[in-house]
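Both backbone and side-chain heavy atoms feed into the values below; hydrogens, waters and symmetry mates do not. Numbers restart at 1 for each chain; the letters A, B, ... are given by sequence-line order, proteins then strands. Bear in mind that the values here come from a model prediction, so they are computed numbers and not experimental data.
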Amino acid sequence: MPPSASEASSSFALLHERVRRWIWDQQWSELRDVQELAIQTILRGDGDAIVTAATAAGKTEAAFLPICSTLVGDAAPGVQVLYVGPLKALINDQWRRLDGLCESLEIPVHRWHGDVTMSARQKLIRDPHGILLITPESLEALFVRRGSEVGRIFAALRFVVIDELHAFIGSERGMQLQSLLHRLERVLHRRVRRVGLSATLGDMTVAANFLRPPNDRAQAPAIVKSEEAGTGVKLRLYGFRHPLHADDETKKEKDDPTLASIARHLFEHLRGSNHLVFANARGRVEGLTDRLARMCNEAKLPQEFFAHHGSLSRELRFEVEDQLKRGERPLTVICTSTLEMGIDIGAVKSVAQIGVPPGVAALRQRLGRSGRRGEPAILRIYIQEETVTDRSAPQDAIRATLVETIAMVNLMLEKWVEPPLAELVHGSTLVQQLLSLIAQYGGITAADAYALLCASGPFRHVPRAMFTSLVEQLETRELIRRERDGLLLHDEKGEKVVNHHDFYSAFKSPDEYRLVSGGRQLGTLPIVNPVSEGSFLIFAGRRWRIVAVDAEKRVIDLVPSAAGRLPIFDPSDGPDVHDRVRREMLAIYTSDDTPVYLDAEAADLLHEGRRNFARFALANTNFIARGDGALYFPWYGTRAMNTLAQQLAAREIKVSMEGLALVALHITPDALRDAVDACERERPIDTIALAAKVKNTLEEKWDWALDDATRFASYASRKLERNPMPSARAR
DNA sequence: GACCTGCTGCGGATTG
């Protein structure tokens, strides 16, 4: 419910007079509903809060108008507000935004990240005061490098603000942030109010437990939620079918004929205004931008298609972002998740999604980029399907790509999103935090470290015995050593890693070449790419020839060229699909409804998928014979499916995950059914014992340093389910 | 069938 008029005016009245004057100067006609509610919550309450509202609904002001009201005239030495953001570009944006408000209130606003000058940092260290905007990594560096000064710097701390809260939940970086905030409160010997800001939060309990874990709080945070209605969605899903016999024209596009059709459609529909095209993978971004850019050149039109992804240099990305922000000329940006959230690029006229979205949450976030000033958001989805014949395997014949996309759209329209993974063990990040703690205090006993990080801290799923064996393993690895008095110190190797700047991040980074042309940084390329002088490359949506490779410095020099070849970016397993999405797919297969947003080809593909679903009798059985093997369709998400695959492997039944199906060779459907039944009787599953049988459990940054027990527990919490829901079983 | 994120302090040279 929006606040009543009397509540609204009382919100405004709660603000400090100088904050009210600043609002008048902005000539705002009214406060947004999320701002009204946040002012009440923050100024009337004294606990933690989560502020959630759509992009551009004024969340930053919702938090900082009331927070700054409490700061006016407070001259106590020390930083008063610590703001943590996930991106340097976002911190720069927010710094500019807050500076206007805070200048008039005489509250200094500092930023601290890798690109901030040494002199600005020294200014803060000498005279800490006001608001500090920082990344988790730079906060980590403060603890490692200036551990003894943390108490002085933050002596006056009253609020911690976490921006884009959802971007941290469930990740190594999120665990690192939780640990840092807990360590900070330990130094200060008191709790500090936390305020989380987010647009997409599926599960408020998970978000609340992330903001402050239940073992560290008296009461749950207040939830401040905007009730402002959206402006509606215009939605269209286009199907594209690979032709059975390539004709002359498509032969030229032999690599991906339907992508050529998609490019033509985009070219015709998007030219002349601003759009975002989400293409999922960096290689696909390059391929599509290259096609669209060439179409522009051939039509002798000014270039309006540009690429944007994480391997492009900051300069190239900034140019594109800047053009989008200005909105002075038509521009379509083909991107990965880089433009899904964060920095303010303004709204675009429409959004296109190429291929299955990586999840419902991502789809919603992407859609949120479209819809200018009261206009409905426009979303076009393009789905490619392979040629299917009578001999195609069932998992390929049922048009799973299309049906999975329809399932995600349906769930988005129902306002459901995936809850983030929570309650993970995070052994890798625990190693980092233990090494950091030793640096901060100049040594710590194992008992104190356990009490701080695990018993009262965020690593609460690590029992004492596991921590003890972890510490022993780190001694064996020569990362730490134990003094006679029990104090843990860095050993030779530990000293080295902690003193290298790579230490501050909790996540791993791949080895890459740097790409340079005429002294200009273009971006980075994974070293798995075969590179030699004279070979060609497509990068940043343009074509290049390699003129020099410096293998030692890992630098590649490029010059523009007419030919090009698509680069390889690191292949991985693909995004996790949630159980709920797979259940929705089953419901779509067993229904007769055709969603109104499908075009003719997509509708035809859906009917064909349903016909084949019926042909294989998948409504009546989950098991199908195939050659001398068998298929099993559990209608599970990827985590539950991986769990079952590992259980079967432990029973000497080798299965591979092929989309919706588990595929086993040399087995009858009945024998596979018996094995699956036996696996289902094992619940709850001993996932740690199961993880011990998994071939490769080395995934995260510090996994190599973990003892077996902690590594298996980490893998199990991340990749296995103790109690998968019963599979959707036909008779 | 995947994406994204981050980075200190020192010493030495140069400049005001």
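The separation between Glu512(A) atom CD and dC7(B) atom P is 16 Å, rounded to whole Å. Counting to the nearest Å, the P atom of dG6(B) and the CG atom of Asp115(A) are 9 Å from each other. Rounded to whole angstrom, the span from the CE atom of Met641(A) across to the C1' atom of dG1(B) amounts to 12 Å. Per the geometry, CZ belonging to Arg146(A) stands 9 Å off C1' belonging to dG9(B), to the nearest Å. Distance CD (Glu286(A)) to P (dA2(B)): 15 Å, rounded to an integer number of Å. The CD-P distance, from Gln353(A) to dA2(B), rounds to 13 Å in whole Å. One atom, NE2 of His308(A), and another, C1' of dC4(B), lie 12 Å apart when rounded to the nearest Å. One can place CD of Glu386(A) at 13 Å from C1' of dG1(B), the figure rounded to the nearest angstrom.
Residue contacts shown for Arg366(A) are absent, as no nucleic acid heavy atom lies under 4.0 Å away. When heavy atoms are screened at a 4.0 angstrom cut-off, His309(A) is found touching the sugar-phosphate backbone but no base atom. Across all strands shown, Glu404(A) has heavy atoms under 4.0 Å from base atoms, whether or not it also approaches the sugar-phosphate. Backbone-only contact: Asn280(A) has heavy atoms under 4.0 Å from sugar-phosphate atoms and none from a base. At a threshold of 4.0 angstrom between heavy atoms, the contacts of Phe507(A) include nucleobase atoms, whether or not backbone atoms are also involved. Among the protein residues, Ser171(A) comes within range of no part of the nucleic acid, since none of its heavy atoms lies under 4.0 Å from any strand. Pro575(A) comes within contact range of at least one nucleobase, with a heavy-atom separation under 4.0 Å. Among the atoms of the strands shown, base atoms are found under 4.0 Å from some heavy atom of Gly659(A).
Exactly one of Ile125(A), Leu184(A), Leu132(A) qualifies for a side chain to side chain contact (heavy atoms under 4.5 Å, CB included) with Ile153(A). That residue is Ile125(A). Exactly one residue among Leu266(A), Ile381(A), Ile383(A), Ile334(A) makes a side chain to side chain contact (heavy atoms under 4.5 Å, CB included) with Ile354(A). That residue is Leu266(A).
Put simply, Ser509(A) has no side-chain N or O that comes within less than 4.0 Å of OP1 or OP2 on dT5(B). Regarding contacts with the backbone of dC7(B), a side-chain N or O of Thr135(A) is found under 4.0 angstrom from either OP1 or OP2. Distances shorter than 4.0 Å separate none of the side-chain N or O atoms of Lys508(A) from OP1 or OP2 on dT5(B). Put simply, Arg284(A) has no side-chain N or O that comes within less than 4.0 Å of OP1 or OP2 on dG1(B). Contact check, Arg121(A) against dC7(B): no side-chain N or O comes under 4.0 Å of OP1 or OP2. Applying the 4.0 Å criterion to OP1 and OP2 of dC7(B), one finds that Ser138(A) has a side-chain N or O inside that range.
Of the candidate nucleotides dT8(B), dT5(B), dC3(B), dC3(B) has the atom lying nearest to any side-chain atom of Arg282(A). Ranking dG9(B), dC4(B), dG1(B) by closeness to the Arg582(A) side chain, first place goes to dG1(B). Considering only side-chain atoms of Ser505(A), the nucleotide from dT8(B), dG1(B), dG6(B) that sits closest is dG6(B). Distance from the side chain of Ala141(A) is smallest for dT8(B) among the nucleotides dG9(B), dG6(B), dT8(B). Of the candidate nucleotides dA2(B), dC7(B), dT5(B), dA2(B) has the atom lying nearest to any side-chain atom of Pro358(A).
With 3.5 Å as the limit, one finds a donor-acceptor pair spanning the side chains of Arg145(A) and Tyr504(A).
Aromatic pair His113(A)/Trp95(A): ring centres not closer than 6.0 Å.
Contact check on Lys325(A) versus Asp93(A) returns a salt bridge, with a Lys/Arg side-chain nitrogen under 4.0 Å from an Asp/Glu carboxylate oxygen. Between Glu385(A) and Arg241(A) there is no salt bridge, since no side-chain N of the basic residue sits under 4.0 Å from a carboxylate O of the acidic one.
The residue among Glu658(A) and His501(A) whose nearest nucleotide of DNA chain B is located toward the 5' end is Glu658(A). Summary of the strand contacts: Arg173(A) and Gly574(A) both lie near DNA chain B, and taking for each the nucleotide with the nearest heavy atom, the more 5' one is attributed to Gly574(A).
Residues Leu522(A) and Leu316(A) are in side-chain contact: their nearest non-hydrogen atoms beyond the backbone lie under 4.5 Å apart.
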